[in-house]
Amino acid sequence: QNGHKKYTRVWCDGCYDMVHFGHANSLRQAKALGDYLIVGIHTDEEIMRHKGPPVFTAEERYKMVRGIKWVDEVVEGAPYVTSLDTLDKYDCEFCVHGDDITLTADGVDTYHLVKSAGRYREVQRTAGVSTTDLVGRMLLLTKNHFKQGCSQFLPTTQKIIQFSDGKPPKPGDRIVYVAGAFDLFHVGHLDFLEKAKEHGDYVIAGLHTDPVVNRYKGTNYPIMNLHERVLSVLACKYVSEVVIGAPYTVTKDLMDHFKVDVVIHGDTPVMVDEEGTDPYQYPKNVGKFVVVKSGNDMTTERIVERIIRNRQEF
Ligand code: CTP
Ligand code: C5P
């Protein structure tokens, strides 16, 4: 060793259908094992063959992974069984995966090649969240779901610290504030936050509490509880800071406290607050309210519809 630290390129691959903070957490751990993280994502055809139909299209899945802050590069249409050729082609030293076995349709370990070549590393899978679990929550459209809560995930301050940048705004940074439910963080949210980020340097996302979201979304929403939503939003590369349980109404106090320059909302409908007034009245009065068009019509409700439709067809 002559003092030069080796530069390590790391490979991850998967379906990344319905990207959740469990996926993000595995990519975070993978990135920490090296310097540059490349994520290979399977095509719809490959997923169809080995697992069944994906809920999201390849374009949506690629975009969601590109939005995660630990990801440096995405390889579209990566093979289901990770080959040494693939690692070599992208100059990656090893492949990283969670500590669960994934099999092909023929029952072969998708990582057997990289494992026997000693080019496989394992990270801890996040307990309490999976696509199957989220689909289960969505199908469980019972009225008392919200009161009971059905998340098995145990949030800790450690996890929040690991996901957070821990960086305050720099002097002169233009501060953008956005608020919402950000339930089942999806491509619509991602496109919205990308647009919001163009209006400033430091994006603060205020996440409403579960009872607040339930007041305006009804039935069993939110599907993900506040702590889970916090991690999903923190994993997004456009977001610098998250308010854990933001007030529904954006007040002068809140704007002064965070030194907010502009408050941004997408072009989705805004529900009035409990007094029947516009939650964005104050920023509108002071000329600090902007509407951006995400250009994406994805909503949490549409995801639920897709899941139910998928269920009926297969
Ligand atoms: N992963 C994880 N923790 C979870 C879910 C997934 O660490 N709770 C990891 C997997 O171990 C894998 C990566 O995320 O390394 C992407 O894998 P993918 O094929 O998308 O994941 P699945 O295991 O199918 O995830 P899910 O069951 O949630 O669809
Ligand atoms: O609906 P929710 O509260 O999660 O939305 C958070 C923010 O994302 C809102 O500003 C909303 O307008 C925006 N959004 C968007 N396009 C979508 C979905 C949400 O601009 N397709």
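Each ligand, and each atom within it, is numbered from 1 in the order the structure gives.
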Report task. Using a strict cut-off of 4.0 Å, indicate which atoms of ligand 2 neighbour a heavy atom of Asn296. Result -> 16 (N), 17 (C), 21 (N)
**Report entry** Closest non-hydrogen atom pair between His23 and Asp17, with its separation
**Finding:** CE1-O, 3.7 Å
Query raised in the report: Among all protein non-hydrogen atoms, which one is nearest to atom 13 (C) of ligand 2, and what is the separation to 0.1 Å?
Result: Phe192 CG, 3.6 Å
Query raised in the report: So which bit of Met298 gets within less than 4.0 Å of ligand 2, heavy atoms only: side chain, backbone, both or neither?
Result: backbone
Query raised in the report: Which residue and non-hydrogen atom of the protein lie closest to atom 27 (O) of ligand 1, and at what distance in Å?
Result: Arg125 NH2, 3.6 Å
Query raised in the report: Does Glu60 come within less than 4.0 Å of Lys63, counting only side-chain N to carboxylate O?
Result: no
Report summary line: protein heavy-atom neighbour closest to atom 3 (O) of ligand 2 works out as Ala181 N, 2.8 Å
Report summary line: Numbered in order shown, the ligand 1 atoms found under 4.0 Å of a heavy atom of Tyr16 are 13 (C), 16 (C), 20 (O)
Requested in this report: Give the numbers and elements of all ligand 2 atoms closer than 4.0 Å to a heavy atom of Ser294.
Outcome: 15 (C), 16 (N), 17 (C), 20 (O), 21 (N)
Query raised in the report: Looking only at distance, does Ile264 have an N or O less than 3.5 Å from an N or O of ligand 2?
Result: no
**Report entry** Validation row: Val250, Val260 side chains within 4.5 angstrom (heavy atoms)
**Finding:** no
Query - Side chain proximity check, Leu37 to Cys12, heavy atoms < 4.5 angstrom - result: yes
Report summary line: Residue, atom and distance of the protein heavy atom nearest atom 9 (C) of ligand 2 read His265 NE2, 3.6 Å
Query raised in the report: Below 4.0 angstrom, N of the basic side chain to O of the carboxylate: do Lys170 and Asp201 qualify?
Result: no
Query - Per-atom contacts, ligand 1 versus Gly14 - under 4.0 Å to a heavy atom - result: 19 (O)
Report task. Report, in ascending order of atom number, the atoms of ligand 2 lying under 4.0 Å from any heavy atom of Gly188. Result -> 16 (N), 17 (C), 21 (N)
Requested in this report: Compute the minimum heavy-atom distance from His20 to ligand 1 and say whether it is under 4.0 Å.
Outcome: yes
**Report entry** Ligand-residue contact atoms, ligand 2 with Gly266, heavy atoms, under 4.0 Å
**Finding:** 9 (C), 10 (O), 11 (C), 12 (O), 20 (O)
Query - Per-atom contacts, ligand 1 versus Val129 - under 4.0 Å to a heavy atom - result: 4 (C), 8 (N)
**Report entry** Contact atoms of ligand 2, heavy-atom distance to Lys217 under 4.0 Å
**Finding:** 1 (O)
Report task. Could you tell me whether Phe21 and Phe163 have their ring centroids closer than 6.0 angstrom? Result -> no
Query raised in the report: Looking only at protein heavy atoms, which one is nearest to atom 12 (O) of ligand 2, and how far off is it?
Result: Thr268 OG1, 2.6 Å
**Report entry** Non-hydrogen atom of Thr126 closer than 4.0 Å to ligand 1
**Finding:** yes
Query raised in the report: Can you check whether His189 has an N/O within less than 3.5 Å of an N/O in ligand 2?
Result: yes
Query raised in the report: In terms of side-chain geometry, is the basic nitrogen of Asp72 or Arg9 positioned less than 4.0 Å from the acidic oxygen of its partner?
Result: no
**Report entry** Numbered atoms of ligand 1 (with element) below 4.0 Å of Ser130, judged on heavy atoms
**Finding:** 27 (O), 28 (O)
Requested in this report: Using a strict 4.0 Å cut-off to heavy atoms of Asp100, name the atoms of ligand 1 that fall inside it.
Outcome: 11 (O), 23 (O)
Report task. Quick one: look up the protein heavy atom nearest atom 19 (O) of ligand 1 and list residue, atom name and how far away it is. Result -> Cys15 N, 3.1 Å
Report summary line: Any heavy atom of Lys51 under 4.0 Å from ligand 1? The part involved is side chain
Query raised in the report: With atoms numbered from 1 as shown, which atoms in ligand 2 lie under 4.0 angstrom from a non-hydrogen atom of Gly180?
Result: 3 (O)
Query raised in the report: Is a salt bridge present between Arg61 and Asp44, judged by a nitrogen-to-oxygen distance below 4.0 Å?
Result: yes
Query raised in the report: Which heavy atom in Arg137 sits nearest to a heavy atom in Gly128, and how many Å separate them?
Result: NH2-O, 3.8 Å
Query raised in the report: Can you list the ligand 1 atoms lying under 4.0 Å from a non-hydrogen atom of Thr131?
Result: 26 (P), 27 (O), 28 (O), 29 (O)
